[in-house]
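These notes are about the structure you will find just below.
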Amino acid sequence: MKETITSLLQSAIDALKHQGVLPDDLTATIKIDPTKDKAHGDYATNLALMLAKPAGLKPRELAEKLTAALPESDAIAKTEIAGPGFINFFAAADAAAQIVANILDAGDAFGRSLVGQGEKVQVEFVSANPTGPLHVGHGRGAAIGDCLCRLLEATGFEVTREFYYNDAGAQIQNLARSVQARAKGLGPDDASWPEDGYRGDYIIDVAKDYLAGKTVTADDREVTAQGDADDLDAIQAFAVAWLRREQDLDLKAFGVAFDVYFLESSLYEQGKVEDTVARLTQNGHTYEDDGAMWLRTTDFGDDKDRVMRKRDGGYTYFLPDVAYHLDKWNRGFKTVINEQGADHHSTVTRVRAGLQALEAGIPKGYPDYVLHQMVMVTRSGVEVKLSKRAGSYVTLRDLIDEVGRDATRFFLAARRADSQLTFDIDLARSQSNDNPVYYVQYAHARVCSMLRKAEAESRAFDYTQALANLASLDSDQEKAVLNRLARYPEVVEQAARSREPQQVAQYLLDLAGDFHTCYNAVKVMVDDDALRNVRLALGIATRQVLRNGLDLMGVSAPEEM
RNA sequence: GUCCCUGUAGCUCAGUAGGAUAGAGCAGCCGCCUCCUAAGCGGCAGGUCGCAGGUUCGACUCCUGCCAGGGACGCCA
């Protein structure tokens, strides 16, 4: 529909150029918007307002000339000029309803596109270190990151989901000492409990399994406990695998799976950190000061230079970060998106500066970042801060167990990443119309229910008859659904391009609302076969789009509630 | 002090690469199940889009300054 209007306008412009009304060298980007107000038709363009100045005409005058020059089309019932010079298009009834046939034909593929042209994209998200269960923040990252991946896949990109973690740093040693302390029967209140040790109850479980000689299998490693409480290295290896497994189970329960687990330690083992240092030094962007080696990141937009090699000879975290992103680039990812908590904001400039200093032909804005703000969890209006298991924070597992996977995913991905999120447990678990997840799912179930009823009454859906009567979908409520359905593909594309999964959630809420309104206004199971079938077709098309959209969010589309 | 994010109805939030009279849900009030699932629908009420300037035919949207909240500013990751 949009394409039709665009091409009509394009030929009108060409005609006016021919007549000398518009200058020949004029290039116009034609923008068609769906209208907010039905009185303005179905689609509108501001073209005459945009071109008024270069054309040297008043906007409304130009609009007159444009509409006069529009070729005839079956798709358009009429056009109007309104306000300061908008051109409104009223779609012919059957033209708008044609979307129903498109959706039914395309099925699961409706809304998918090839704009990505198979380009490789890597999305790094969650990237939690294996020192504890995943918390709500990781959950938000998982929901947003995975939804982004699904959006990119749906728009024709080849996506790699990657999880980066450190299995060897100071925090991991701290983890090992904590487990060891538990294995020796100590608790956080004992005098010899390690300083800053992990106090959560899960450490007790790790220690128990270690002493019992258990074997744990995570997605990317398997370790059998050695059982000796004095062997810190063995404890560390076991603890890392144990927590990796726990995180894997949480992610699985959340419906998120990764293609690659990338170890920070591998960057050292494969000499990539040293290579990076050498390149930075060769390029003359480093200097020694105060016993440390610095990178002159201020040459690349940072507000101060950064230490890359500490006085004690070790590297700061920022260096392996740069090496890691160089490795991403070398693996052929021209587009990389890092989904992280906003508390990592400071790394953005630094990593980008480091990559520029490599002089490896990496573009300035590489990589992309999607940073999400904090999540606050509330119950009965009061903030929940603790979980027994983790000690100091609410875990993702707590939420999944309590409100379910669908609600958790929807709630965490339905808000813009850059606004702070209040996760209201009472709302998420309420089986009522307050709950947006159920609102959308219910619309889907309602269509299923109609079809079951049709089946039971031996009035099974007849596709051919529906197609022959598309023009009967002419009530305001039906037209609202049709227009909404037609917008789905561009919503997907826009959400993918702007990296904003919440647009899909918002769309689904709108579509479900349009459908519920329609359901109450227009009876579907009528005796007239033609009417019944075409209305069923609209329901089926709606169900298809709801299903496709929910799938993009990783949320199920139940057949009954 | 510097940088980033946010500020829209009593509450939680949308607002689609500036477009027409700023939307939805909840909370409040009034209605709708002899009828396809009422986990639903309709209506009423509720706003100087933080404040002040600027750009534009047109600004919630872009620019500048200020105010408020959050985050980051480590030889921690």
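Reminder, nothing fancy here: chain letters follow the sequence lines and each chain counts from 1. No hydrogens, no waters, no symmetry mates; every other heavy atom, side chains included, goes into these values.
For the pair A:Y439 and B:C41, the criterion of a side-chain N or O lying under 4.0 Å from OP1 or OP2 is met. For A:R446 and B:C36, the shortest distance from a side-chain N or O to OP1 or OP2 is not below 4.0 Å. OP1 and OP2 of B:A72 both lie 4.0 Å or more from every side-chain N or O belonging to A:T347. A:K53 has a side-chain polar atom (N or O) that falls below the 4.0 Å cut-off from OP1 or OP2 of B:C57. Using a 4.0 Å cut-off, some side-chain N or O of A:T517 falls inside it from OP1 or OP2 of B:G42. Here A:K310 does not reach the OP1 or OP2 of B:G74: none of its side-chain N or O atoms lies under 4.0 Å away. At the phosphate of B:G74, OP1 or OP2 sits under 4.0 Å from a side-chain N or O atom of A:K304.
In this structure, A:M50 reaches the bases: a heavy-atom distance under 4.0 Å links it to at least one base atom across the strands shown. Among the heavy atoms of the strands lying under 4.0 Å from A:Q506 are primed sugar atoms or P, OP1, OP2 only; no base atom is included. Residue contacts shown for A:R532 are absent, as no nucleic acid heavy atom lies under 4.0 Å away. At the heavy-atom level, A:E264 lies under 4.0 Å from the strands shown only through sugar-phosphate atoms. Using a 4.0 Å heavy-atom criterion, one finds that A:S449 contacts the bases of the nucleic acid, with or without backbone contacts as well. Here A:V504 lies out of heavy-atom contact (under 4.0 Å) with every strand. Within 4.0 Å of A:K523, counting heavy atoms only, lies at least one base atom of the nucleic acid. Across all strands, A:R311 comes closer than 4.0 Å to base atoms (heavy-atom distances). Contact annotation for A:A82: base contact, defined as any heavy-atom pair under 4.0 Å involving a base atom. Within 4.0 Å (heavy atoms only), A:Q441 reaches no atom of the nucleic acid at all. Heavy atoms of A:A445 sit under 4.0 angstrom from at least one base atom.
Here the nucleotide nearest the side chain of A:D290, chosen from B:C13, B:C75, B:A20, is B:C75. Proximity note for A:M450 (side chain, C-beta onward) versus B:A14, B:A20, B:C36: the nearest is B:C36. Comparing B:A77, B:A20, B:G15 by their nearest atom to the side chain of A:Q503 picks out B:G15. In this structure, of B:A20, B:U2, B:A77, it is B:A20 that holds the atom nearest to the side chain of A:A44. In the set B:G19, B:G42, B:C5, B:C5 carries the atom at the smallest distance from any side-chain atom of A:Q373. Here B:G70 is the nucleotide among B:G70, B:G19, B:A72 with the atom lying nearest to any side-chain atom of A:M374. When each of B:A20, B:G70, B:C73 is scored by its nearest atom to the side-chain atoms of A:S346, the top-ranked nucleotide is B:C73. Distances were taken from every side-chain heavy atom of A:N46 (C-beta onward) to each of B:A20, B:G19, B:U2; the shortest belongs to B:G19. Listed nucleotides: B:C75, B:A17, B:U16. Nearest to the side chain of A:V307: B:C75. You'll find that the side chain of A:Q494 is closest to B:U16, out of B:C36, B:A72, B:U16.
Pairing of B:A68, defined by two Watson-Crick or G-U wobble distances under 3.5 Å, is identified with B:U6. Under the Watson-Crick or G-U wobble criterion, with both distances below 3.5 Å, B:C29 is paired with B:G43. Across every strand in view, B:A22 sits unpaired, with no contact that passes the Watson-Crick or G-U test at under 3.5 angstrom. B:C36 is unpaired under the Watson-Crick or G-U wobble criterion, no partner having all donor-acceptor distances under 3.5 Å. Nucleotide B:C73 has B:G1 as its partner under the Watson-Crick or G-U criteria, with both atom distances under 3.5 Å. If you check B:U56 for Watson-Crick or wobble pairing at under 3.5 angstrom, you find it has no partner at all.
Checking A:N338 against A:H325 by side-chain atom types alone, a donor-acceptor pair falls below 3.5 Å. Side-chain atoms of A:R416 and A:H372 include no donor-acceptor pair closer than 3.5 Å. In the model, A:D220 has a side-chain atom that pairs as donor or acceptor with a side-chain atom of A:Y165 under 3.5 Å. Side-chain contact of A:S475 with A:E478: a donor-acceptor pair under 3.5 Å is present, judged by distance alone.
Judged by closest nucleotide on RNA chain B, A:T45 is the one of A:Y519 and A:T45 placed further toward the 5' end. Between A:V491 and A:M525, the one whose closest nucleotide on RNA chain B sits nearer the 5' end is A:V491.
Two rings, from A:Y369 and A:H345, have their centers 6.0 Å or more apart. Taking the six-membered ring wherever Trp is involved, the centroid distance between the rings of A:Y261 and A:F163 falls below 6.0 Å.
Stacking between A:H40 and the base of B:A20 is present: ring centres sit under 5.5 Å apart and the planes differ by under 30 degrees. Residue ring and base: A:F86 does not count as stacked with B:G19 (centre distance below 5.5 Å and interplanar angle below 30° not both satisfied).
When all heavy atoms of A:T155 and A:V492 are compared, the pair lying nearest together is CG2-CG1, 3.9 Å.
You'll find a donor-acceptor pair under 3.5 Å spanning the side chain of A:Y317 and the base of B:A77, going by distance alone. For A:R487 against B:U16, a side-chain-to-base donor-acceptor contact under 3.5 Å is present. Taking 3.5 Å as the limit, the base of B:A20 and the side chain of A:N88 contain a donor-acceptor pair of atoms between them.
Distance check on atom C1': B:G53 versus B:G15 gives 25 Å, rounded to whole Å. Look at the P atom in both B:C57 and B:C51: the space between them is 25 Å, to the nearest Å.
Look at B:C33: its glycosidic torsion is within 90° of 0, and that puts it in the syn range.
Using cut-offs of 30° and 60° on the angle between ring planes, the pair A:Y507 and A:Y488 is tilted.
Exactly one residue among A:R140, A:Q373, A:Q502 makes a side chain to side chain contact (heavy atoms under 4.5 Å, CB included) with A:R415. That residue is A:R140.
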